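For ligands, and for the atoms within them, numbers begin at 1 and follow the listed sequence. Remember, it's a predicted structure, so these values are computed and weren't measured experimentally. In this chain, numbering begins with 1 at the start of the sequence shown.
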Amino acid sequence: MNYHVLTLFPDMILQGMHTSIIGRAMEKGLLTLEAVDIRDFAEPARKRRVDDYPYGGGAGMVMQAQPVYGAWEDTVARIGRPVRCVYLTPQGRPFCQETARELAKEEDLILLCGHYEGIDERVIEEIVTDEISIGDYVLTGGELAAMVVMDAVSRMVPGVLTNDQSGVDESFSEALLEYPQYTRPEIWHDKPVPPILLSGHHANVDLWRRQQSILRTRERRPELLKTAVLDKADRKYLAALQEEDQHLVP
Ligand code: 9D3
């Protein structure tokens, strides 16, 4: 996977990505990353300025079409074939694991980061193939969103995760939340590790963990239970929990 990030803050992208597992994968040659500075494509007369006032008035500034187009055109020319261009924007489709898996199939991805109040719509219409939001909260720009997308996409690229990290065939939409984890010491702040984990009965441990996953999912993300893949024992446990609740009704 070759990432090409069009941004006003290239250092932020490079510094953020060179640490972590993803940085390791870049050293292994599985991923490449370039940050293309949109300011390098400003009209010379504008002295690296790339924003201007919004037509129709209103607060803030808008990124001009021309420098964004220049950065994109240069990048596509160097790649040498058509390539998806992902615009990170609060107006985009909510990012999810399925999108990460789909984007990981591409050989190259252009990621376009906005700033100010946004980018002139006309260049969006010409170059953008996908618009993605990472959630309903307000960021100051698209850079952190681009890094979130690259992180999630990269771990779906074959070879990026080691075997004990798995991941490639994991499904989020079919899955439950994870069970709680414990490590040494056996007692910490008067809290013991759940005794079943020390019992050595692997089948009982597996069952307990599965039930903890179901319990947590029901408490924290009940909407995930609609798509979770549950076997007969899972459904029986879930029914027992609902039955338990019935007895709590006043
Ligand atoms: C509060 C300002 N907003 C109303 C005038 C517009 C606005 C413009 C630019 C709000 C946020 C941003 C910067 N955000 C992103 O570029 C962004 C983002 C986000 O803020 N939340 C979730 N996903 C994304 S992807 C890109």
Participant: Under 3.5 Å, is there a donor-acceptor pair linking the side chains of R49 and Q64?
Facilitator: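 Short answer, no.
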Participant: Is there a path of hydrophobic side-chain contacts, each under 4.5 Å between heavy atoms of I, L, V, M, F, W or Y residues, that connects W208 with Y237?
Facilitator: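 The answer is no; the residues belong to distinct hydrophobic clusters.
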Participant: How long is the straight-line distance from CE of M147 back to SG of C113, given to the nearest 0.5 Å?
Facilitator: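 So the gap between those two atoms works out to 8.0 Å.
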Participant: Check whether any side-chain heavy atom of R78 lies under 4.5 Å from a side-chain heavy atom of E34, and answer yes or no.
Facilitator: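 Yes - at least one pair of side-chain heavy atoms lies under 4.5 Å apart.
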Participant: Is there any protein N/O under 3.5 Å from an N/O of ligand 1, and what does the full list of such pairs look like?
Facilitator:
| residue | atom | partner | partner atom | Å |
| --- | --- | --- | --- | --- |
| ligand 1 | 16 (O) | G142 | N | 3.3 |
| ligand 1 | 20 (O) | L139 | N | 2.8 |
| ligand 1 | 21 (N) | Y137 | O | 2.7 |
| ligand 1 | 23 (N) | I134 | N | 3.1 |

Participant: May I ask you to check whether over 12 heavy atoms, not counting those of R93, lie within 6.0 Å of atom CZ?
Facilitator: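 It does not: R93 CZ has 12 such atoms or fewer within range.
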Participant: Just by modelled atom types, is the G159 backbone N or O under 3.5 Å from a matching donor or acceptor in the K28 side chain?
Facilitator: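 Yes, because the side chain of K28 sits within donor-acceptor range (under 3.5 Å) of the backbone of G159.
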